[in-house]
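In each ligand, atom 1 is the first atom listed, and ligand 1 is the first ligand listed.
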Amino acid sequence: MRLILLGPPGSGKGTQANLLQRKFRVPKISTGDILRAAVGDQTELGEKAKVFMDQGQLVPDEIVVGLIKERIDEADCVDGFILDGFPRTIVQAEKLDETLSALGQELGTVVDLEVDRQELLVRLVGRSTCKNCGTMYHRTARPPENPGACNECGGELYQRPDDNEATIVKRLAVYEKETAPLKEFYRKQKKLKSLNGSGSVEEIFSRVCEMVS
Ligand code: AMP
């Protein structure tokens with residue numbers, strides 16, 4: 001399985017990627033998670049990336065492409081991977097094709113999660129994530145059983161600094177301009193499958209599974 005989850009911020013890519021990696025036992029690769037870890041560790045890369053992330057802008061292609069190339073080449077990716085949040089530009093998609101063909105691998109399905117803008121805003125403003133296992137919650141739609149603690153592992157929940165209204169609006173605009181054109185890119189490659197990304201996490205997961213198996 002070599003899968004891409006495409007969709008705007010808040011469309012559920014991370015949640016679905018977490019479920020898919022458990023079911024299909026292939027690693028989820030989230031460039032957002034890798035970058036946030038680098039920011040947390042205050043590495044040189046993290047310091048550079050933070051400036052863009054705080055403003056809701058994309059981190060430059062050469063940085064994220066370099067991260068992905070290294071990650072895909074690791075041993076646990078030989079049987080596949082789930083990409084969450086990459087590629088986000090045409091250049092990134094082209095570089096991914098090049099990287100995979102150099103490794104003798106081919107991309108499978110590109111799942112495009114469609115959710116309307118109003119719902120995205122509501123989801124993102126109320127979202128929190130477990131620091132430990134990455135499980136996601138929502139203040140009203142999916143609250144944790146114990147406030148501030150993850151149902152799965154008891155880890156501390158946090159709200160991403162870029163999940164504030166001003167930055168969310170910027171991220172959605174960047175998605176439309178830079179990332180949405182990837183739909184046409186993958187449609188031409190006959191890899192794109194769009195699905196309705198509204199509904200319960202479980203409903204969406206069964207739609208995704210139907211498309212990838
Ligand atoms: P995400 O967790 O996927 O929403 O990503 C959070 C932020 O990390 C984005 O708003 C970007 O600033 C940065 N980022 C993540 N993935 C990429 C990517 N593929 N290309 C450029 N920037 C990225």
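Closest to atom 6 (C) of ligand 1 by heavy atom, among R160, K13, R171, is R160. Considering only non-hydrogen atoms, atom 3 (O) of ligand 1 lies nearest to R88 out of E178, K170, R36, R88.
Residue contacts with ligand 1 for V64 involve side-chain atoms from C-beta outward but no N, CA, C or O (heavy atoms, distance under 4.0 Å).
Under the 4.0 Å criterion applied to side-chain N and carboxylate O atoms, K170 and E165 are not assigned as salt-bridge partners. Ionic pairing of R207 and E210 is not present here: no N-O contact between side-chain nitrogen and carboxylate oxygen is shorter than 4.0 angstrom. Ion pair D163/R171 flagged as a salt bridge, since at least one NZ, NE, NH1 or NH2 atom sits closer than 4.0 Å to an Asp/Glu carboxylate oxygen.
D97 and Q189 share a donor-acceptor pair across their side chains, judged by distance under 3.5 Å alone. Remark: the Q105 side chain and the R2 side chain contain an N/O donor-acceptor pair separated by less than 3.5 Å.
Atom 16 (N) of ligand 1 has its closest protein heavy atom at T31 OG1, 2.8 Å. From the protein, the heavy atom lying nearest to atom 22 (N) of ligand 1 is V59 N, 3.0 Å. Nearest protein heavy-atom contact of atom 8 (O) of ligand 1 is M53 CE, 3.5 Å. Nearest protein heavy-atom neighbour of atom 14 (N) of ligand 1: L35 CD1, 3.5 Å.
With ligand atoms numbered from 1 in the order given, ligand 1 contributes 11 (C), 12 (O) to contacts under 4.0 Å with heavy atoms of Q57. Numbered from 1 in the order shown, with element, the atoms of ligand 1 that lie under 4.0 Å from a heavy atom of Q92 read 18 (C), 19 (N), 20 (N), 21 (C).
In this structure, Q55 has no heavy atom closer than 4.0 Å to ligand 1.
The distance criterion of under 3.5 Å between nitrogen or oxygen atoms is not met by F52 with respect to ligand 1. For the pair F86 and ligand 1, the shortest N or O to N or O distance does not fall below 3.5 Å.
Residues R71 and P27 share a closest heavy-atom pair of NH2-CB, 3.8 Å.
Side-chain atoms of F81 and Q21, non-hydrogen and from C-beta on, never get closer than 4.5 Å to each other.
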- Item | D61 and Q92: CA distance, side-chain angles, deciding distance, side chain to side chain donor-acceptor pair (under 3.5 Å) verdict | CA-CA 6 Å; D61 287 335; Q92 292 179 18; 2.9 Å; yes
